[in-house]
Protein chains: 2
Amino acid sequence: METGLPKFDSAFSIDCVIFGFDAGELKVLLIERNEDPFKDWWALPGNLVENDESIEDAATRILYELTNLRDMHMEQFHTFGEVKRHPLGRVITVAYYALIRILGHKEVKPITQYAKKTSWHPVNTLPKLGFDHNEIFETSIQKLRRRLSYQPIAFELLPEKFTLTQLQLLYEAILNKKLDKRNFRKKMISYGFLKELDEKQKGVSYRAAKLYKFDKRKYFKIFQNDMNLES
Amino acid sequence: METGLPKFDSAFSIDCVIFGFDAGELKVLLIERNEDPFKDWWALPGNLVENDESIEDAATRILYELTNLRDMHMEQFHTFGEVKRHPLGRVITVAYYALIRILGHKEVKPITQYAKKTSWHPVNTLPKLGFDHNEIFETSIQKLRRRLSYQPIAFELLPEKFTLTQLQLLYEAILNKKLDKRNFRKKMISYGFLKELDEKQKGVSYRAAKLYKFDKRKYFKIFQNDMNLES
DNA sequence: TTTACATAGTGTAAAAAATACACATTATAT
DNA sequence: ATATAATGTGTATTTTTTACACTATGTAAA
């Protein structure tokens with residue numbers, strides 16, 4: 001391939017699948033690329049890792065530069081290393097997923113010029129993405145599903161105070177299947193890490209639901225032993 | 001740090017945790033390094049990824065060169081990217097675990113000069129390893145435990161024909177806890193992917209146990225749906 | 001103030017899965 | 001014949017999961 005663009009021999013990058021939950025839908029934040037290769041395509045936010053930063057730090061930095069977002073839950077899930085996955089050279093990429101409370105981040109402006117803009121896309125109708133990013137996305141959601149059952153992932157995607165219905169909708173969105181309301185509530189409450197608040201939902205034109213909080217301390221007290229085994 | 005050794009700016013490597021099961025114990029194959037850094041230390045087999053090979057291919061190649069072993073089950077589990085994890089320069093390493101039937105591979109001779117020798121170590125008494133390899137090992141066994149419950153990992157570690165007691169010992173070794181014999185057998189058999197053979201164990205000085213085979217085809221027929229969800 | 005609406009919130013019975021538990025059987029070696 | 005060492009087996013109890021439908025409540029509109 002001859003593009004006239006600079007080539008590099010080999011590098012590592014981070015790519016990031018940023019999940020959010022809004023309007024009952026699971027969404028992913030994509031960027032519209034402003035540079036070749038794949039200029040004008042949608043892609044996952046990502047960039048090269050510098051030599052003096054750990055991959056964790058790089059993930060945090062890159063995400064910040066491309067989305068102006070900080071302090072979200074991030075986790076590595078797979079590394080992609082096909083030789084030809086990047087058209088300009090050998091780039092091995094470590095993929096992370098990030099979970100954010102979309103609320104208040106509906107409009108996310110990239111800081112660098114590398115991305116024209118960003119926008120949230122429902123996971124069920126993602127466009128064709130640059131590089132091998134569709135594959136990376138597929139892997140991410142499979143990992144997310146699996147981890148949902150043994151890590152308190154869901155609460156990273158919800159506002160601090162949430163209703164049980166919201167929680168259920170989120171589980172349904174991630175697992176991509178309907179759950180039974182009564183069984184879901186029974187089970188969630190039986191875990192003992194949800195704190196029922198003396199507060200109700202506001203601004204709805206029907207009976208307001210009770211609000212709950214996720215009690216992290218209790219969670220880790222309860223699952224301490226298991227969590228050591230797993231990862 | 002000034003060692004007189006060549007430095008490199010940045011590179012990726014593969015490190016590999018090779019599990020085997022022998023004499024009722026879970027073991028890991030370590031190499032004794034023949035080169036600095038960490039010359040004469042025990043370490044996980046690993047080496048740099050070449051520019052023209054995928055990380056999968058690199059993992060296969062490196063393992064072959066260092067252990068003379070091929071065609072084992074390998075799976076990526078985590079990527080380690082601390083800046084200072086390698087004393088000679090920036091090396092990001094993709095860690096794999098590999099599962100082999102130890103039988104017939106009790107003595108493994110390295111092909112390259114890079115390793116002096118290799119030897120199997122029980123997982124419970126690993127020596128101090130070079131680099132961050134103790135951490136890599138810890139992560140590997142946690143992943144292995146988790147995956148044991150949804151992937152047919154155990155059968156990669158046993159001979160083709162095995163007894164239920166052997167299978168149970170292996171589960172106990174990986175999970176690091178005792179299991180109930182009757183319940184274990186009931187459950188394993190209920191899955192329906194074990195094929196009972198018309199053959200018995202040989203060479204034991206007590207009642208010989210029935211031999212079983214893992215029926216891969218059946219396994220995938222049964223767990224098709226689940227396996228799609230997971231990964 | 002009544003009514004329509006939309007979602008919240010609740011319990012039970014049945015089925016399935018997990019657990020706890022101990023002894024008779026059988027092949028080999030002496 | 002006997003000792004030995006591990007194999008192979010069943011049941012009752014508890015826990016977890018599943019299936020299933022109606023009443024309660026707050027808001028908004030008539």
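Here is how names work: the chains are called A, B, and so on, in the same order as the sequence lines, proteins then strands, and each is numbered from 1. The figures that follow rest on heavy atoms only: side chains count, while hydrogens, waters and symmetry mates do not.
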*Asks:* Check every strand shown and say whether B:Thr163 touches a base, only sugar-phosphate, or nothing at a heavy-atom separation below 4.0 Å.
*Replies:* nothing
*Asks:* Can you give me the N/O atom pairs linking the protein to nucleotides 13-17 of chain C at distances under 3.5 Å, or say none if there are none?
*Replies:*
none

*Asks:* Taking any atom under 4.0 angstrom from a heavy atom of chain A, which nucleotides of DNA chain D are the first and last to qualify, 5' to 3'?
*Replies:* D:dT17 to D:dA28
*Asks:* Tell me whether A:Gln168 contacts the main-chain N or O of A:Leu179 through its side chain, where contact means a donor paired with an acceptor under 3.5 Å.
*Replies:*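 Present.
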*Asks:* Would you say the side-chain atoms of A:Asp180 pair up with the backbone N or O of A:Asn183, donor to acceptor, closer than 3.5 Å?
*Replies:* yes
*Asks:* Considering heavy-atom distances to DNA chain C, does B:Asp180 or A:Thr165 have its closest nucleotide positioned more toward the 5' end?
*Replies:* A:Thr165
*Asks:* Does the distance from a Lys or Arg side-chain N to an Asp or Glu carboxylate O, for A:Glu75 and A:Arg147, drop under 4.0 Å?
*Replies:*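 So A:Glu75 pairs with A:Arg147 through a salt bridge.
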*Asks:* Rounded off to whole Å, could you give me the CG-to-C1' distance for the B:Leu179 and C:dC21 pair?
*Replies:* 15 Å
*Asks:* Send over the distance from A:Leu167 CG to C:dA8 C1', rounded to a whole Å.
*Replies:*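 Whole-Å distance recorded here is 15 Å.
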*Asks:* Anything under 30° is parallel, anything over 60° is perpendicular, the rest tilted; go ahead and classify A:Phe77 against A:Tyr97.
*Replies:* parallel
*Asks:* Which part of the nucleic acid, if any, lies within contact of B:Lys181, taking any heavy atom under 4.0 Å across all strands shown: a base, the sugar-phosphate backbone alone, or nothing?
*Replies:* base
*Asks:* Could you check how far NZ of A:Lys210 sits from C1' of C:dG9, rounded to whole Å?
*Replies:*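 Going from NZ in A:Lys210 over to C1' in C:dG9 covers 8 Å.
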*Asks:* Strictly distance-based, threshold 3.5 Å: is any side-chain N or O of A:Thr118 a donor or acceptor partner for the main-chain N or O of A:Val108?
*Replies:*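 Side chain of A:Thr118 to backbone of A:Val108, a donor-acceptor pair under 3.5 Å: yes, one is there.
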*Asks:* With a 4.5 Å heavy-atom cut-off, do A:Phe19 and A:Val123 have their side chains touching?
*Replies:* yes
*Asks:* Is there a residue in residues 195-206 of chain B whose heavy atoms reach under 4.0 Å of DNA chain C, and which residues are they?
*Replies:*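 Those residues are B:Lys200, B:Val204, B:Ser205, B:Tyr206.
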*Asks:* Please work out whether the ring planes of B:Phe80 and B:His78 are parallel, tilted or perpendicular, with thresholds of 30° and 60°.
*Replies:* perpendicular
*Asks:* Confirm from the modelled atom types if A:Arg207 and C:dA8 form a donor-acceptor pair under 3.5 Å, side chain to base only.
*Replies:* yes
*Asks:* Testing the 3.5 Å rule here: is there a donor-acceptor pair between the side chains of A:Gln142 and A:Glu138?
*Replies:*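 The criterion, which ignores hydrogens and geometry beyond distance, is not satisfied for A:Glu138 and A:Gln142.
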*Asks:* So does A:Asp215 pair up with A:Lys195, basic N to acidic O under 4.0 Å?
*Replies:*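 Salt bridge flag = no for A:Lys195 with A:Asp215.
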*Asks:* In whole Å, what is the span from the CD atom of A:Gln166 to the C1' atom of C:dA8?
*Replies:*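 So the two atoms are 13 Å apart, to the nearest Å.
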*Asks:* Determine, for A:Arg85 against A:Glu135, whether the closest basic-nitrogen to carboxylate-oxygen distance falls under 4.0 angstrom.
*Replies:* no
*Asks:* Would the A:Phe214 and A:Phe162 ring centres measure less than 6.0 Å apart?
*Replies:*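 Not close enough - the centres of the two rings lie 6.0 Å or further apart.
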*Asks:* Quick one: B:Arg182 CZ to C:dC23 P, roughly how many Å, whole number?
*Replies:* 10 Å
